[in-house]
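Structure first, then comments.
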Amino acid sequence: MKLATWNVNSLAVRLPQLMDWLAQHQPDVVALQETKLTDEKFPHQALRDAGYHACWFGQRTYNGVALLSREPVDDVVKNIFGFADEQARVIAGSVRGLRVIGAYFPNGQAPGTDKFEYKLQWMRALRDWVREELARHPKLVLMGDFNIAPEDRDVYDPVAWTGQIHCTDEERHHFRELLALGLHDAFRLFEQPPKSWSWWDYRNLAFRKNQGLRIDHILVSDALRPAVEACGIDKAPRKNERPSDHAPVVLTLADAALG
DNA sequence: ATGACACCATCGTGGTGA
């Protein structure tokens, strides 16, 4: 079973690239972030024609998340239970006994701002809710755009980024809090090339110079860890003519471990 | 120190992202 997460930075703009990528890689489940579409504009028919069921949760202009799945998705939940949120950032569902949570963490803008405070509150609420989800669904995947570079090796210039947004102690603490629930950063379960990033700034020829951050992640629960066969970042879509600034992260699970 | 790029909403230019 192949799962993926991709911040597409506008599904309206990126739909053709998404269709190509789905046809090429045939993932079973995909979490999308930054669809930037109200729900009535979600391209569910095009995705259905491509063989995917979808559930989606969007808003105007910003944010917006979706789950795509070759098999139907059950028990769909939107946003963090118990956390009143104006912004569409989370969608969860169950496929083949697997609980999948797709999340678009707040950016946070800069430490000391209201947006940073919102990010911290949001992450606390997420942790508390994921703890409950894990108790109900031991086989769980939490994936998406975390907007956190967990360690210095996830940053092209860790000195310049010290204390900057995505790299603050508070954000990294919250990432470790998620791991402490019994989750594992699937990417780090394997040997990886150094300087592996999932995001590159559009400016300054950052992709060509490979100046990026690893801020898109797939966390797998203890119960799923033995089933993890591979995890990597697919840089290819970042080479498209009009790419998202993020690349997809892909996880392969052994089918035997699933229902 | 600032802006650089992309997208959205809107039609001149500001908000947001990371």
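We name chains A, B, ... by the order of the sequence lines, and we start the count at 1 in each one.
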Item checked: Whole angstrom value for the distance that separates C1' of B/dA4 from CG of A/Asn204 -> 5 Å
Checklist line | Side-chain ion pair, A/Asp128 and A/Arg131, N-O less than 4.0 Å | finding: yes
Next item on the list: Could you list the residues that satisfy side chain to side chain donor-acceptor pair (under 3.5 Å) with A/Asn9, not counting sequence neighbours?
Entry: A/Lys36, A/Tyr202
Next item on the list: Assign each of A/Phe105 and A/Arg242 to its nearest nucleotide of DNA chain B by heavy atoms, then name whichever residue's nucleotide is nearer the 5' end.
Entry: A/Arg242
Next item on the list: Return yes if some donor-acceptor pair links the side-chain N/O of A/Arg172 with the main-chain N/O of A/Ala149 below 3.5 Å, else return no.
Entry: yes
Margin query: For A/Arg60, give me all partners under side-chain contact (heavy atoms from CB on, under 4.5 Å), at least two apart in sequence or on another chain.
Written below: A/Thr38
Check: Quick one: CH2 on A/Trp197 to CD1 on A/Ile233, what's the gap to the nearest 0.5 Å?
Finding: 9.5 Å
Tabulate protein N/O versus nucleotide N/O from nucleotides 15-17 of chain B, keeping only pairs under 3.5 Å, one per line.
none

Notebook entry, point to check: Is A/Arg89 positioned over the aromatic face of A/Phe105, cation under 6.0 angstrom from the ring centre and no more than 45 degrees off axis?
Noted result: no
Notebook entry, point to check: Which sits closer to the 5' end of DNA chain B, A/His166 or A/Arg14, going by the nucleotide each is nearest to?
Noted result: A/Arg14
Notebook entry, point to check: Quantified in whole Å, what is the C1' atom distance between nucleotide B/dC11 and nucleotide B/dA1?
Noted result: 31 Å
Checklist line | Distance in angstrom units between A/Gln211 CD and B/dC5 P, rounded | finding: 14 Å
Checklist line | A/Leu37 CG to B/dC8 C1', straight-line distance once rounded to whole Å | finding: 11 Å
Check: How long is the line joining CG of A/Leu15 and C1' of B/dC7, in whole Å?
Finding: 16 Å
Next item on the list: Please state how far atom CH2 in A/Trp199 lies from atom P in B/dC7, giving the value in whole angstrom units.
Entry: 15 Å
Margin query: Expressed as a whole number of angstroms, how long is the span from A/Glu241:CD to B/dC5:P?
Written below: 16 Å
